[in-house]
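Computed over heavy atoms, backbone and side chain alike; hydrogens, waters and symmetry mates excluded. Labels below follow one simple rule: chain letters A, B, ... track the order of the sequence lines, proteins then strands, and each chain is numbered from 1.
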Protein chains: 2
Amino acid sequence: MEADRIPHHPDVRTITLQRVLEAVVDPVRRSIVTQLCDASGDIACGGFDLPVSKSTATHHFRILREAGLIRQYYAGTSRMNALRRDEIDEVFPGLLDAIVTAERPASDAERATAG
Amino acid sequence: MEADRIPHHPDVRTITLQRVLEAVVDPVRRSIVTQLCDASGDIACGGFDLPVSKSTATHHFRILREAGLIRQYYAGTSRMNALRRDEIDEVFPGLLDAIVTAERPASDAERATAG
DNA sequence: ATCAAAGTTTGATCTCCATCGTACTTTCGT
DNA sequence: ACGAAAGTACGATGGAGATCAAACTTTGAT
């Protein structure tokens with residue numbers, strides 16, 4: 001059935017800080033978020049550079065989706081992933097920015113401010 | 001010995017995002033950070049409103065200290081806790097603010113922006 | 001000197017979660 | 001219709017961490 005292929009996404013208002021933090025505390029998931037942030041558009045599950053098996057990756061994508069951080073939709077056999085940037089910024093202003101910025105090497109930050 | 005009573009604090013440069021996130025992902029520890037943020041000064045371990053036993057609280061304080069989020073020092077028999085605000089802001093700008101802001105009820109945020 | 005107060009340490013549980021392999025489902029080419 | 005590609009679902013497993021009680025340490029007050 002096609003209905004099964006439309007996964008559940010939480011409404012913006014039901015997104016909790018607890019779940020968001022639980023999501024981004026994992027390095028693999030944080031890497032997914034970072035890659036989505038740096039990319040120009042959405043990315044298929046297989047398009048990420050991840051150090052885990054496919055089944056583990058699926059697990060991480062689900063955690064991110066249920067936390068409200070990403071939106072997933074099918075494009076053929078591929079499952080695309082989109083960062084819910086604006087919505088997250090709306091509920092938790094500055095959070096995503098701070099994390100992604102902190103994720104980048106220190107030299108980048110120096111270049112941006114004092115460089 | 002008094003030397004034993006000076007716990008180890010990580011240098012600012014050795015503070016990692018991973019450890020900070022692992023620290024704040026726990027609700028009890030996040031509550032400690034929030035209470036420190038809202039308070040005017042430092043707070044003794046016993047001065048916090050926490051839903052755990054004393055030994056568990058000790059555990060949480062250690063995690064926060066080793067992550068670089070708080071500074072601990074003795075004042076008599078009491079162990080005082082200070083938020084390393086400026087230092088954290090230096091390495092991870094905006095992170096603490098975003099988390100503490102997200103922690104507050106939504107009504108507060110509304111009042112601050114649109115109210 | 002004693003005692004209480006404030007934390008710490010230790011050891012033991014207990015739960016949660018990241019991980020994997022295997023089997024399954026769905027879609028797209030041919 | 002068949003096979004390959006892309007993910008998902010399902011157990012199973014292993015390790016990390018949150019929790020507590022009990023014993024201990026240090027300090028301050030009496």
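Scanning atom types as modelled, one donor and one acceptor separated by under 3.5 angstrom connect the side chain of B:Ser55 and the base of D:dA21.
When only modelled atom types and interatomic distance are considered, B:Asn81 and B:Tyr73 share no side-chain donor-acceptor pair under 3.5 Å.
Applying the 4.0 Å criterion to OP1 and OP2 of D:dG17, one finds that B:His60 has every side-chain N and O outside that range. Phosphate contact (OP1/OP2 of C:dC20, side-chain N/O of A:Thr56, threshold under 4.0 Å): present. One finds no side-chain N or O of A:Thr77 lying less than 4.0 angstrom from the OP1 or OP2 phosphate oxygen of D:dA6.
Not a single donor-acceptor pair under 3.5 Å links the side chain of B:Thr101 to the backbone N or O of B:Ala98.
At whole-Å resolution of the value, CD in B:Gln72 and C1' in D:dT26 are 16 Å apart.
Nucleic acid contact for A:Ser78: sugar-phosphate only, since backbone atoms but no base atoms lie under 4.0 Å from a heavy atom of the residue. Using a 4.0 Å heavy-atom cutoff across all strands shown, B:Ala57 reaches no nucleic acid atom at all.
Closest to the side chain of A:Arg79, out of C:dG7, D:dT8, D:dG7, is D:dT8. Nearest nucleotide to the side chain of B:Thr58, out of C:dT19, C:dG7, D:dC20: C:dG7.
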At a cut-off of 3.5 Å, list every protein nitrogen or oxygen paired with a nitrogen or oxygen from nucleotides 14-17 of chain C, distance to 0.1 Å.
none

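To the nearest 0.5 Å, the span separating SG on B:Cys37 from CD on B:Glu103 amounts to 10.5 Å.
B:Ile88 is connected to B:Leu83 through a chain of hydrophobic side-chain contacts under 4.5 Å among Ile, Leu, Val, Met, Phe, Trp and Tyr, so both are in one cluster.
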